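Below is one structure, written out as structure tokens; comments come after it.
Nothing here was measured: the structure is a model prediction, and the numbers come from that model. Lettering of chains follows the sequences in order, A, B, ..., and the numbering in each one begins at 1.
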Number of protein chains: 2
Amino acid sequence: MKKNTRNTKAKAEILKFINSSTRAVSHLDIQKSLGEFCDRVTIYRVLERLTEEKSIHRIVNVDGVINYASCSSCAAHHTHNHVHFSCINCKELSCLENNEITLTLPEGYQFKEAFLTVSGVCKECVDRSLV
Amino acid sequence: MKKNTRNTKAKAEILKFINSSTRAVSHLDIQKSLGEFCDRVTIYRVLERLTEEKSIHRIVNVDGVINYASCSSCAAHHTHNHVHFSCINCKELSCLENNEITLTLPEGYQFKEAFLTVSGVCKECVDRSLV
DNA sequence: ACAATATCGCAACAATGTTGCATTAAATGA
DNA sequence: TCATTTAATGCAACATTGTTGCGATATTGT
Ligand SMILES: [Zn+2]
Ligand SMILES: [Zn+2]
Ligand SMILES: [Zn+2]
Ligand SMILES: [Zn+2]
């Protein structure tokens, strides 16, 4: 028996925030944005549900902080093996599309998923520092 | 004026543990291994120092847990851009040598470092499950 | 509308990481 | 060797982040 999920205000609001953001957001980002809208714990649980439903995907940043991003752009390739970019200046974490990677594992290893994050300076920050 | 670091028992013991391990280890792994040898806080501070001194390097696992591994094998290429492997079964996290990756960033972006971790099943676990 | 139950809020807890400060112990040179 | 300097430690207290249990609430299929 499958358990059916419900469309609640918290879920809608959180998904809207994630979808409207150009970068991946953390639990803390969401909490700050929503304010007193809902409880801290609810955010954790909604994020878990949204991830299970594949409405969003989780990205572990280079510092270990878990972030979430919309899956709208991923819908096409159906995988989350694409590259993520983490700006060391503004801390932006975003998805880089059209960046496939190929690699070979040692003999006997089974591949499941690739997590690739590149750190550096994003275009905005580069432009700002040149001005 | 540079601040000189000292060779203490805690530092020696922690580095020995990391170097003698075939996989990357977490703060918790070290704590369990050392027992009452030194304080929890000391481990945090030693890991920070060892990382600064580039005796070890940090690897963020796919679940966000920070691990540490020896840099002995990295000494040759002087970068930590190599691929890491995370076993979904035994949780092993290790460095994969001889696995260079090339990728292109969008126009205007500056590259600094690449963090690539592949999840899957390690050889040991594959063999075990086939028996 | 109503019953079933997924979800929520709250409180309490657990895990992980940080900070301040008095004490200890490396490293250095006399 | 011994005294001096100060990096490093231990401990306590705190901060942050994530989890769990449970009674109350709200969504959804009928
Ligand atoms: Zn930036
Ligand atoms: Zn992505
Ligand atoms: Zn394994
Ligand atoms: Zn490595």
For this session: Quickly work out the B:Leu47 CG to D:dA8 C1' distance and round it to whole Å.
Result: 14 Å

For this session: Summarise protein proximity over nucleotides 25-30 of chain C in one line of letters, 5' to 3': B for base, S for sugar-phosphate only, - for none, counting protein heavy atoms closer than 4.0 Å.
Result: BBS---

For this session: Mind running a 4.0 Å heavy-atom check of residues 36-45 of chain B against DNA chain C and sending the residues that fall below it, in number order?
Result: B:Arg40, B:Val41, B:Tyr44, B:Arg45

Exercise. Can A:Leu96 be reached from B:Phe111 by stepping across I, L, V, M, F, W or Y side chains whose heavy atoms are under 4.5 Å apart?
Worked result: yes

Problem set entry | Evaluation steps, side chain to side chain contact (heavy atoms under 4.5 Å, CB included), between B:Ile30 and B:Ile18 | CA-CA 8 Å; B:Ile30 298 171; B:Ile18 296 175; 4.2 Å; yes

Problem set entry | Euclidean distance, B:Ile56 CD1 relative to B:Leu47 CG, rounded to 0.5 Å | 5.0 Å

Exercise. A:Cys125 and A:Glu92: side chain to side chain contact (heavy atoms under 4.5 Å, CB included), yes or no, with the steps?
Worked result: CA-CA 10 Å; A:Cys125 287; A:Glu92 170 188 57; over 6 Å; no

Seminar exercise, completed: Applied to residues 15-27 of chain B, the salt bridge (charged side-chain N to carboxylate O under 4.0 Å, His left out) test, sequence neighbours excluded, yields B:Glu13-B:Lys16

Problem set entry | B:Ile59-A:Val65 co-clustered via ILVMFWY side chain contacts under 4.5 Å | no

Exercise. Of the residues in residues 24-31 of chain B, which ones touch DNA chain D at a heavy-atom distance under 4.0 Å?
Worked result: none

Problem set entry | side-chain contact (heavy atoms from CB on, under 4.5 Å) against A:Val60, all qualifying residues, sequence neighbours excluded | A:Ile66, B:Val60

Exercise. In whole angstrom, what separates B:Asp63's CG from D:dT19's P?
Worked result: 11 Å

Exercise. Expressed in angstrom and rounded to an integer, what is the separation of A:Glu13 atom CD from D:dA26 atom P?
Worked result: 17 Å

Seminar exercise, completed: Closest to the 5' end of DNA chain C, once B:Ile66 and A:Val46 are matched to their nearest nucleotides, is A:Val46

For this session: Could you check how far CZ of A:Arg49 sits from P of C:dT5, rounded to whole Å?
Result: 17 Å

For this session: Determine whether A:Leu93 and A:Val25 fall in the same hydrophobic cluster, where Ile, Leu, Val, Met, Phe, Trp and Tyr are linked whenever their side-chain heavy atoms lie under 4.5 Å apart.
Result: no

Exercise. Got a donor-acceptor contact below 3.5 angstrom from the B:Asn61 side chain to the B:Asp63 backbone?
Worked result: no

For this session: Verify the cluster assignment for B:Phe85 and A:Leu116: are they in a single hydrophobic cluster under the rule of side-chain heavy atoms below 4.5 Å apart?
Result: yes

Problem set entry | Pairs meeting criterion side chain to side chain donor-acceptor pair (under 3.5 Å) with involvement of residues 34-53 of chain B, two or more places apart | B:Thr5-B:Glu53, B:Lys11-B:Glu53

Problem set entry | Gap between atoms CD1 and P, on A:Ile14 and C:dC8 respectively (whole Å) | 8 Å

Problem set entry | Length of the NZ-P vector between A:Lys11 and D:dA26, whole Å | 18 Å

